[in-house]
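So the structure is just underneath, and the comments pick up after that.
The chains referred to below are lettered A, B, ... by the order of the sequence lines, with proteins before strands, and numbering in each begins at 1.
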Amino acid sequence: MSSDSNRPGQSASSLDEIRAARLQKVDDLKQLGLNPFAYRWDVTANTADLQATYADLAAGEEVEVEVALAGRIVARRVFGKLAFFSLQDESGLIQLYLEKATIQEHMAATDENAFEHLKQLTDVGDILGVRGTIKRTEKGELSVKVQEYAMLTKALLPLPDKWHGLTDVAKRYRQRYLDLIVNPTARDTFRKRALITTGIRRYLEDRGFLEIETPVLQSEAGGAEARPFTTYHNTLEMDLYLRIATELHLKRLVVGGFERVFEIGRIFRNEGVSTRHNPEFTSVEFYQAYADYYDFMDLTEDLVATLAKDVLGTLKITYQGIDIDLTPPWTRVTMHDLVREHTGLDFHQFSTLEAAKAAVQDLKLHGVEDCDSVGKLLNEVFEQKIETTLIQPTFLIDHPVEISPLSKPHRSKPGVVERFELFVAGREIANGFSELTDPIDQRHRFELQAARKAAGDLEATGVDEDFLTALEHGMPPTCGEGIGIDRLVMLLTDSPSIRDVIAFPLLKPERED
RNA sequence: GGGUCGCUAGCUCAGCGGUAGAGCACUCGGCUUUUAACCGAUUGGUCCUGGGUUCGAAUCCCAGGCGACCCA
């Protein structure tokens with residue numbers, strides 16, 4: 001533990017006084033022969049189960065059943081010979097009914113002043129173990145009538161305000177443990193995140209998908225358009241990149257004969273931070289041989305609906321005040337049709353980039369000059385004018401080939417690929433396509449990327465010769481998809497910021513001075 | 001990258017040129033039915049940092065730090 005001056009945002013003296021008072025209590029406990037940092041406690045119950053089991057117990061009634069539980073004191077209401085604490089464990093809250101006569105009777109052998117010591121030596125924030133019976137108080141609060149207690153961990157620092165809680169968002173992220181202690185919705189979000197992640201894993205495994213881990217450190221970062229983080233391997237004397245997608249390695253596994261593979265894993269992109277972007281985030285990518293993008297749109301509908309039902313119990317959700325119905329099937333619309341509906345512009349009719357640029361002038365788009373193809377311009381129109389309007393779940397399909405370097409050409413429509421992106425609440429949640437299996441075409445697409453990279457495009461990737469060699473050995477027709485788990489969790493937990501669903505989001509360190 | 005807003009006690013906030021405040025928490029005293037307990041008393045501050053203006057700066061100005069939101 002560093003000195004107090006290292007603790008950010010906390011000026012010294014007052015906090016030091018609180019801390020000093022608690023350190024004195026640590027000493028007092030030791031003087032009494034009690035360990036303020038105990039080793040264990042036999043726990044036989046949790047608060048949520050007790051609340052459920054005794055939900056019908058009438059006010060004033062007691063049950064002579066012994067329970068033992070442990071948790072953090074989050075509130076104290078102390079009288080002369082009676083006290084009420086609120087004890088919080090992972091499952092919830094319960095009141096402790098702490099009566100002097102009862103406690104001193106049961107603890108006489110170990111501490112004849114146990115009740116006085118309880119009043120003097122415990123604080124909000126301490127971890128307490130208790131044993132006792134069940135009683136619903138005359139005012140109707142289900143309680144554990146404590147016979148014995150033990151300090152399990154003495155907290156030296158105070159918790160945030162019991163009523164206002166912790167609202168400073170920077171502090172919530174920097175000291176997430178405080179957020180978790182005082183904000184039940186934060187706990188609930190991470191619980192749901194875990195259910196969603198395991199739900200995805202179970203769903204895929206139930207359908208024969210095998211989870212295989214692929215490298216994070218790569219000599220060529222591919223599979224997406226994004227700036228990678230760069231690192232260096234000392235003994236190999238080479239630059240390495242943190243992966244920006246799991247795509248190209250999972251597809252190598254399909255070449256190798258695994259017909260259904262997936263990976264849930266951390267992805268790293270060296271890009272801006274916002275309410276929708278964290279430099280490291282979690283995706284699930286999955287690949288199924290002999291399937292196409294129609295199969296995966298069906299699968300995606302079923303997967304997301306299954307998760308919503310299992311985790312939330314409903315397909316009708318609310319995101320930031322907007323009602324969203326996840327009931328399949330979802331709208332499927334081509335990018336060309338959607339742009340035509342919104343702008344009246346039919347991008348099939350533009351034979352040259354110049355003609356397309358002239359046509360979009362009235363839309364006042366940003367970055368038109370950087371667009372080097374009609375397909376890219378079409379995508380810009382979508383992203384800048386339409387994306388945020390796709391509130392109900394919508395599959396945007398059949399993207400231009402120029403923005404889809406790993407997708408198989410559409411079987412009947414020239415210039416577009418068999419690709420879909422899922423949008424909900426105005427945000428991209430998933431991206432999938434019939435995988436390009438033609439190594440000649442794939443080499444051509446890579447070379448176009450490499451040319452852009454050579455021209456200074458930091459998001460363009462180079463030619464991955466190793467992957468091309470794999471493709472030349474033959475990859476079966478395959479569909480692949482990636483889902484942004486963070487954004488899916490945001491959607492299903494009604495979280496406005498990606499930082500609300502990442503336990504420890506990236507933050508700039510606070511300045512030391 | 002641009003703009004707007006914020007940063008004052010452990011927490012939540014007020015104060016906006018003239019002695020740094022409130023509620024809760026903490027400390028002490030009282031209290032056997034509280035649940036934001038109550039009653040009484042006492043504490044607690046590098047007003048984010050550094051410059052500047054001024055007789056005087058938490059307050060006005062400049063620069064920086066961190067954050068939030070919006071735009072790109």
Value in whole Å for how far the C1' atom of B/C71 lies from NZ of A/Lys385: 13 Å

d(CZ, A/Arg22; P, B/U27) in whole Å: 7 Å

Has A/Lys145 got a side-chain N or O lying under 4.0 Å from the OP1 or OP2 atom of B/U33? no

Tell me whether the OP1 or OP2 atom of B/G67 has a side-chain N or O from A/Lys171 closer than 4.0 Å. no

Nearest to the [X] side chain among [options], which nucleotide is it?
X	options	value
A/Arg77	B/G67, B/U35, B/C31	B/U35
A/His366	B/U35, B/A72, B/U33	B/A72
A/Leu166	B/U27, B/U33, B/C11	B/C11
A/Leu82	B/G44, B/U33, B/G10	B/U33
A/Lys81	B/U33, B/G67, B/U32	B/U32
A/Asp123	B/U27, B/A72, B/C66	B/U27
A/Ile18	B/U32, B/A68, B/A25	B/A25
A/Pro160	B/U33, B/G44, B/C11	B/C11
A/Lys25	B/G67, B/U27, B/U35	B/U27
A/Gln95	B/A68, B/U35, B/U27	B/U35

In whole Å, measure the gap between the [atom1] atoms of [N] and [M] for me.
N	M	atom1	value
B/U43	B/C28	P	15 Å
B/U53	B/U59	C1'	13 Å
B/C61	B/U4	P	13 Å
B/G21	B/C70	P	38 Å

Can any side-chain N or O of A/Gln51 pair as donor or acceptor with the backbone N or O of A/Leu93 at less than 3.5 Å? yes

Is a side-chain N or O of A/Lys154 found less than 3.5 angstrom from the main chain of A/Leu121, in a donor-acceptor match? yes

CZ of A/Phe347 to CZ of A/Arg340, rounded to nearest 0.5 Å, is 12.0 Å

Could you give the distance from OG1 (A/Thr137) to OH (A/Tyr97), rounded to the nearest 0.5 Å? 8.5 Å

Pairing check on [N]: which nucleotide meets the Watson-Crick or G-U wobble criteria with it, both distances under 3.5 Å?
N	answer
B/U42	none
B/G1	B/C71
B/U59	none
B/G17	none
B/C31	none
B/C7	B/G65

When we call it a touch if two heavy atoms are under 4.0 Å apart, what does A/Val124 touch: a base, just sugar-phosphate, or nothing? nothing

With heavy atoms under 4.0 Å as the rule, sort A/Thr275 into base, sugar-phosphate or nothing. sugar-phosphate

Is it the case that the ring center of A/Phe85 lies less than 6.0 angstrom away from the ring center of A/Tyr149? no

Stepwise side-chain hydrogen bond (donor to acceptor under 3.5 Å, both in side chains) test for A/Arg76 and A/Thr122: CA-CA 9 Å; A/Arg76 275 166 37 103; A/Thr122 65; 2.7 Å; yes

